[in-house]
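Along the sequence shown, the residues carry numbers beginning at 1.
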Amino acid sequence: MQILRTPAERFADIPDYPFTENWIEIDLGDGLTANQHYVDEGDKDAPPVLLFHGEPSWSFLYRKMIPVLVDAGFRVLAPDLIGFGKSDKPDDIDFFTYERHVDWLKQWRSKVEPRPAALFCQDWGGLLGLRMVAHDPDLFACVVASNTFLPAGGTPSPAFLAWREFARSSPDFKIGPLLDRATQTPLTEAEIAAYDAPFPDEPSKAAARAFPALVPVEDGMPGVEDNKAAWPNLAAFDKPFLTLFGDEDPITKGSEKFLIDRIAGAKGLDHETLSPCGHFCQEDQAERLSQGVIDMAHKAGLLT
């Protein structure tokens with residue numbers, strides 16, 4: 001297996017992404033290491049907010065939210081998951097597991113910003129972030145979740161099964177057009193190219209192809225028992241927990257009801273279903289999502 005680094009020139013013409021690069025070394029296990037990239041904007045002593053992306057995007061997805069949150073008084077931290085964005089990319093699909101991704105993101109968190117933080121999570125950002133909330137609830141002051149869930153077996157939807165098969169077997173797995181089809185706001189050619197930028201060839205797409213098959217949506221899959229074990233702590237999380245889901249997301253639509261019904265901190269909040277809003281809600285509803293984070297941070301006392 002090789003650890004790939006996307007050539008820097010692939011990111012030379014990224015629009016609306018003026019953020020300084022930051023890097024940290026992550027222990028991948030098996031004697032391997034990788035360099036992880038992250039955005040770090042705002043005053044370093046300001047209250048932190050963590051922005052966790054999912055599949056197959058990267059921190060470019062947060063380019064509209066980052067300036068709003070910085071202006072609100074946050075230190076804004078948006079990592080590129082290992083295998084995505086500017087971060088290094090192991091080229092072996094079988095190397096990626098749910099547990100490893102949780103461990104890698106926990107390493108990043110502990111090294112970069114261990115203070116209690118607000119969390120915004122979407123897609124796999126929630127599968128990872130909500131597990132982290134369950135494991136270390138004191139490290140999170142509030143949560144805003146969008147188009148995500150913490151599955152623990154069951155019966156997957158036909159839409160998800162189709163996506164999983166497409167990611168596994170499609171010979172034409174172009175990332176940018178995937179993002180464009182899953183938003184209600186049409187992306188420009190430059191924005192589509194920005195989502196393609198991290199993936200210059202097939203080996204660099206190993207994580208992007210691996211992720212859908214790692215979602216523990218069927219009984220007996222790896223991760224089911226771990227998520228079942230995480231749920232009691234997540235359900236007991238009594239700090240502000242807001243859901244802002246997209247009305248036009250076929251993958252996760254309706255999952256917010258499970259979060260609202262089970263998580264203590266979700267009770268009594270003004271949860272919303274946003275429209276127009278597809279799966280990649282950050283493209284469609286950046287202002288509303290940012291305001292949700294700001295409101296929850298005030299409610300939690302993180303922002304004053």
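Of all non-hydrogen atoms in Ala117 and Leu50, the two that sit nearest each other are CB-CG, 3.9 Å. When all heavy atoms are compared, the tightest approach of Arg109 to Leu139 is NH2-O, 2.9 Å. Closest of all the heavy-atom pairs between Val39 and Tyr17 is CG2-OH, 3.3 Å. Closest approach of Leu289 to Ser146, counting heavy atoms only: CD2-OG, 4.2 Å. Annotation for Leu179 and Ser57: closest pair CD1-CB, 4.3 Å, computed over non-hydrogen atoms. Heavy-atom minimum distance, Leu259 versus Ala266: O-CB, 4.2 Å.
Proximity of Thr148 to Leu127: side-chain heavy atoms (C-beta onward) are separated by under 4.5 Å at one or more points. Contact check for Phe258 versus Phe149: no side-chain heavy atoms found under the 4.5 Å cut-off. Contact annotation: the side chain of Tyr98 approaches that of Leu128 to within less than 4.5 Å [non-hydrogen atoms, C-beta and beyond]. Side-chain contact between Leu130 and Phe237: absent, with no pair of heavy atoms (C-beta onward) separated by less than 4.5 Å. In this structure, Pro198 and Lys89 have side chains that are in contact, with non-hydrogen atoms separated by less than 4.5 Å. Looking only at side-chain heavy atoms (C-beta outward), Asn147 and Asp123 stay at 4.5 Å or farther from each other. Looking only at side-chain heavy atoms (C-beta outward), Pro90 and Phe96 come within less than 4.5 Å of each other. Counting heavy atoms from C-beta on, the side chains of Glu21 and Lys86 come closer than 4.5 Å.
Note that the CZ atom of Arg63 and the CG atom of Leu61 stand 7.5 Å from one another [nearest 0.5 Å]. To the nearest 0.5 Å, atoms CD1 (Ile175) and CZ (Phe199) are separated by 5.0 Å. Atom CD1 of residue Ile24 and atom OG of residue Ser110 lie 7.5 Å apart, to the nearest 0.5 angstrom. Here the CE-CD distance, from Met65 to Glu287, works out to 9.5 Å after rounding to the nearest 0.5 Å. Annotation: the span from Phe74 atom CZ to Leu69 atom CG amounts to 6.0 Å, rounded to 0.5 Å. How far CZ of Arg131 is from CG of Leu150: 7.0 Å, rounded to the nearest 0.5 Å.
Side-chain atoms of Asp172 do not come within 3.5 Å of backbone N or O of Ser170 as any donor-acceptor pair. Within the 3.5 Å criterion, the main-chain N or O of Asp45 finds a donor-acceptor partner in the side chain of Asp43. Using a distance-only test at 3.5 Å, with no hydrogens or angles considered, a donor-acceptor pair links the side chain of Gln122 to the main chain of His279. Judged by distance alone, with hydrogens and angles left aside, the side-chain atoms of Lys205 form no donor-acceptor pair with the main-chain N or O of Asp91 at under 3.5 Å. A donor-acceptor pair under 3.5 Å is formed between the side chain of Ser87 and the backbone N or O of Asp80. Panel note: side chain Arg164, backbone Pro212; no donor-acceptor pair is recorded below 3.5 Å. Checking side-chain atoms of Asp88 against main-chain N and O of Ile3 turns up no donor-acceptor pair under 3.5 Å. Checking side-chain atoms of His298 against main-chain N and O of Leu303 turns up a donor-acceptor pair under 3.5 Å. A donor-acceptor contact shorter than 3.5 Å is absent between the side chain of Asn233 and the backbone of His135. Looking at Glu256, its side chain does come within 3.5 Å of a backbone N or O of Gly254 through a donor-acceptor pair.
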Ile82 and Gln36: side-chain contact (heavy atoms from CB on, under 4.5 Å), yes or no, with the steps?
-> CA-CA 6 Å; Ile82 296 296; Gln36 184 166 16; 3.9 Å; yes
Could you walk me through whether Asp136 and Lys106 pass the side-chain contact (heavy atoms from CB on, under 4.5 Å) check?
-> CA-CA 10 Å; Asp136 296 294; Lys106 280 186 170 183; 4.2 Å; yes
Apply side chain to side chain donor-acceptor pair (under 3.5 Å) to Thr273 and Asp247, showing your working.
-> CA-CA 6 Å; Thr273 301; Asp247 190 46; 5.7 Å; no
So His53 and Leu81, side-chain contact (heavy atoms from CB on, under 4.5 Å) or not? Walk me through it.
-> CA-CA 8 Å; His53 75 81; Leu81 299 178; 3.5 Å; yes
Full working for side-chain contact (heavy atoms from CB on, under 4.5 Å) between Leu269 and Lys299 = CA-CA 10 Å; Leu269 298 181; Lys299 189 174 183 64; 3.3 Å; yes
When you look at Arg209 and Glu55, which way does the salt bridge (Lys or Arg N to Asp or Glu O under 4.0 Å) test go after all the steps?
-> CA-CA 9 Å; Arg209 284 195 182 272; Glu55 148 80 2; over 6 Å; no
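Note on Glu113 versus Lys44: no salt bridge recorded, every NZ/NE/NH1/NH2 to OD/OE distance being 4.0 Å or above. Asp40 and Arg75 are joined by a salt bridge, as a carboxylate oxygen and a charged side-chain nitrogen come within less than 4.0 angstrom of each other.
By the criterion of side-chain heavy atoms lying less than 4.5 angstrom apart, applied directly or through intervening Ile, Leu, Val, Met, Phe, Trp or Tyr residues, Phe166 is grouped together with Phe280 in one hydrophobic cluster. Ile93 and Trp163 are members of different hydrophobic clusters when ILVMFWY side chains are connected at heavy-atom separations under 4.5 Å. Hydrophobic clustering, with ILVMFWY side chains joined whenever heavy atoms are under 4.5 angstrom apart, keeps Leu234 apart from Ile260. When hydrophobic clusters are built by joining Ile, Leu, Val, Met, Phe, Trp and Tyr residues whose side-chain heavy atoms come closer than 4.5 Å, directly or via intermediates, Phe173 is not grouped with Leu161. In this structure, Val76 is not a member of the same hydrophobic cluster as Trp23, with clusters built from ILVMFWY side-chain heavy atoms closer than 4.5 Å.
Qualifying side-chain contact (heavy atoms from CB on, under 4.5 Å) partners for Glu272, counting only residues two or more places apart in sequence or in other chains: Leu244, Leu274, Arg288. Remark: Lys239 pairs with no residue by the salt bridge (Lys or Arg N to Asp or Glu O under 4.0 Å) rule, at least two apart or across chains.
Heavy-atom contacts from other residues, nucleotides or ligands closer than 6.0 Å to NZ of Lys64 number more than 12. At most 12 non-hydrogen atoms from other residues, nucleotides or ligands lie less than 6.0 angstrom from CG of Asp13. Gln2 CD: 12 or fewer foreign heavy atoms inside a 6.0 Å radius. Around the CG atom of Asp270, the shell of radius 6.0 Å holds no more than 12 heavy atoms that belong to other residues, nucleotides or ligands. When the shell of 6.0 Å around NZ of Lys111 is examined, it contains more than 12 heavy atoms from other residues, nucleotides or ligands.
Taking the six-membered ring for Trp and the full ring otherwise, the centers of Phe19 and Tyr62 sit at least 6.0 Å from each other.
Using the six-membered ring where Trp is involved, Trp58 and Phe60 have ring planes that are parallel, under 30° apart on the 30 and 60° scheme. Ring geometry for His101 against Phe84 counts as tilted: the plane angle lies between 30° and 60°, on a 0 to 90° scale.
At a cut-off of 3.5 Å, with distance as the only test, no side-chain donor of Thr183 or Asp284 sits close to an acceptor on the other residue.
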